[in-house]
Amino acid sequence: MKRILPCLTGLFLIILLLAGCQGKPLPAGMDEDALLERGQEVLLELVGGDYEAVYGQLREDVAAGTSAEDIQSLVLRQLDGAGVYKQIESRMTTGQSSNGEHYGVAVMYCQFSKDDVLVRLAFDPQMALIGLEVKKQ
């Protein structure tokens with residue numbers, strides 16, 4: 001009985017912490033499943049080394065400020081030492097806004113052979129890619 005109470009208390013605290021991890025609402029009309037699917041497509045292109053395809057999905061104004069080579073450099077630098085991509089461990093969506101623009105973010109926690117990696121992919125309401133972040137955990 002002495003062991004059960006601390007375990008239940010710990011479990012309750014974990015549940016409370018996880019409940020606080022909910023993201024903000026997505027922009028009006030943006031579908032969570034579609035955002036996750038779109039995010040997964042871009043993620044697979046990134047880990048597959050198809051940087052031209054990722055660049056081609058950027059919204060025109062965003063693409064004007066970068067290149068496929070910039071994306072490649074970012075990804076290779078951030079994934080250095082992570083090993084080989086294995087799978088998505090978990091994923092979620094969240095809404096964000098910046099400079100008056102509302103957008104959705106697909107957040108993917110990925111397992112690589114040597115490290116875990118967090119990938120955030122931002123999409124405007126028309127599902128154009130407007131930003132990405134890749135970092136080892």
Side-chain angles (χ1 to χ4, degrees):
M1 193 66 157
K2 290 181 182 181
R3 289 184 178 179
I4 293 176
L5 187 57
C7 288
L8 289 176
T9 303
L11 181 60
F12 180 71
L13 289 173
I14 290 171
I15 291 170
L16 283 177
L17 288 173
L18 290 175
C21 291
Q22 282 185 310
K24 296 178 184 177
L26 295 175
M30 190 172 247
D31 179 68
E32 181 177 17
D33 290 334
L35 178 59
L36 288 171
E37 184 177 320
R38 187 87 168 81
Q40 186 169 332
E41 290 170 6
V42 174
L43 169 71
L44 293 175
E45 290 172 347
L46 284 171
V47 298
D50 195 351
Y51 308 111
E52 287 290 336
V54 174
Y55 177 76
Q57 295 184 53
L58 289 171
R59 193 171 66 190
E60 189 175 314
D61 61 325
V62 178
T66 193
S67 67
E69 291 78 21
D70 292 336
I71 295 169
Q72 178 180 10
S73 176
L74 167 80
V75 172
L76 293 178
R77 185 174 60 250
Q78 294 301 317
L79 294 181
D80 185 39
V84 177
Y85 171 77
K86 290 191 169 205
Q87 65 184 3
I88 296 171
E89 291 180 325
S90 64
R91 59 191 195 161
M92 63 169 277
T93 61
T94 187
Q96 298 289 319
S97 62
S98 178
N99 299 323
E101 180 178 17
H102 299 287
Y103 55 92
V105 181
V107 181
M108 311 223 177
Y109 296 91
C110 304
Q111 180 184 19
F112 282 68
S113 58
K114 297 181 181 178
D115 232 329
D116 289 333
V117 175
L118 170 67
V119 178
R120 291 186 183 122
L121 301 159
F123 296 91
D124 69 12
Q126 289 73 45
M127 299 304 271
L129 183 63
I130 58 171
L132 61 97
E133 177 186 23
V134 178
K135 69 179 186 178
K136 287 190 285 189
Q137 295 294 287

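Bear in mind that the values here come from a model prediction, so they are computed numbers and not experimental data. Because only heavy atoms are used, hydrogens play no part in the values below, and waters and symmetry mates are left out as well, while side chains stay in.
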**Message:** For Glu133, give me all partners under side chain to side chain donor-acceptor pair (under 3.5 Å), at least two apart in sequence or on another chain.
**Reply:** Arg120
**Asked** Can a donor-acceptor pair be found between the side chains of Ser73 and Asp70 at a distance below 3.5 Å?
**Response** no
**Message:** Return the CZ to CG distance between Phe123 and Leu129, rounded to the nearest 0.5 Å.
**Reply:** 5.0 Å
**Prompt:** Ignoring hydrogens and geometry, is there a side-chain-to-backbone donor-acceptor pair from Ser113 to Val84 under 3.5 Å?
**Reply:** yes
**Asked** Atom CZ of Arg91 and atom CG of Leu36: how far apart are they, to the nearest 0.5 Å?
**Response** 4.5 Å
**Message:** Working note: Val54 + Val75, criterion side-chain contact (heavy atoms from CB on, under 4.5 Å); need CA distance, chi angles, decisive distance, verdict.
**Reply:** CA-CA 11 Å; Val54 174; Val75 172; over 6 Å; no
**Message:** For Glu101, give me all partners under salt bridge (charged side-chain N to carboxylate O under 4.0 Å, His left out), at least two apart in sequence or on another chain.
**Reply:** Arg59
**Request:** Applying ring pair (Phe, Tyr, Trp, His ring centres under 6.0 Å), name anything that partners Tyr85, two or more places apart in sequence or on another chain.
**Result:** Phe112
**Fill in**
Heavy-atom closest pair (Gly39 atom, Met108 atom, distance to 0.1 Å) is C-CE, 3.4 Å
**Asked** Can Gln72 and Leu74 be said to form a side-chain contact (heavy atoms from CB on, under 4.5 Å), step by step?
**Response** CA-CA 5 Å; Gln72 178 180 10; Leu74 167 80; over 6 Å; no
**Item:** With Gln111 via side chain to side chain contact (heavy atoms under 4.5 Å, CB included) - residues at least two apart
**Value:** Lys86, Gln87, Glu89, Asp116
**Asked** Shortest non-hydrogen contact from Asp31 to Leu26?
**Response** C-CD1, 4.1 Å
**Prompt:** Is any side-chain heavy atom of Val119 closer than 4.5 Å to a side-chain heavy atom of Leu132?
**Reply:** no
**Asked** Looking at Pro125 and Met30, what are the two nearest heavy atoms and their distance?
**Response** CA-CE, 3.7 Å
**Prompt:** Considering all heavy atoms of both residues, which atom of Leu43 and which atom of Cys110 are nearest to each other, and what is their separation?
**Reply:** CD2-SG, 3.7 Å
**Item:** Residue pair Val117 / Ala82: nearest heavy atoms and the distance that separates them
**Value:** CG2-CB, 4.0 Å
**Request:** Taking atom CD of Gln137 as the centre, report whether more than 12 heavy atoms of other residues, nucleotides or ligands fall under 6.0 Å from it.
**Result:** yes
**Prompt:** Taking only residues two or more places apart in sequence or in another chain, which ones pass salt bridge (charged side-chain N to carboxylate O under 4.0 Å, His left out) with Glu69?
**Reply:** none
**Message:** Under the rule for side chain to side chain donor-acceptor pair (under 3.5 Å), what residues qualify as partners of Gln78, not counting sequence neighbours?
**Reply:** none
**Message:** Measuring only between side-chain heavy atoms, which start at C-beta, is Val134 closer than 4.5 Å to Leu79?
**Reply:** yes
**Message:** Restricting to side chain to side chain donor-acceptor pair (under 3.5 Å), what partner residues turn up for Glu41, sequence neighbours left out?
**Reply:** none
**Item:** Listed partners of Glu32 passing side chain to side chain donor-acceptor pair (under 3.5 Å), at least two apart
**Value:** Thr93
**Request:** Look at atom NZ of Lys135 and say whether more than 12 heavy atoms of other residues, nucleotides or ligands are closer to it than 6.0 Å.
**Result:** no
**Message:** Does Ile71 form a side-chain contact (heavy atoms from CB on, under 4.5 Å) with Leu46? I'd like the steps, not just the answer.
**Reply:** CA-CA 9 Å; Ile71 295 169; Leu46 284 171; 3.9 Å; yes
**Asked** Can you name the nearest heavy-atom pair linking Ala106 to Leu35, along with the distance?
**Response** CB-O, 3.9 Å
**Item:** Pairwise ring-ring contact (aromatic ring centres under 6.0 Å, His included) hits with a residue in residues 40-61, at least two apart
**Value:** none
**Prompt:** What pairs of residues pass the salt bridge (charged side-chain N to carboxylate O under 4.0 Å, His left out) test when at least one of them lies in residues 71-81, not counting sequence neighbours?
**Reply:** none
**Message:** Could you work out, with ring pair (Phe, Tyr, Trp, His ring centres under 6.0 Å) as the rule, every residue matching Tyr103, not counting sequence neighbours?
**Reply:** none
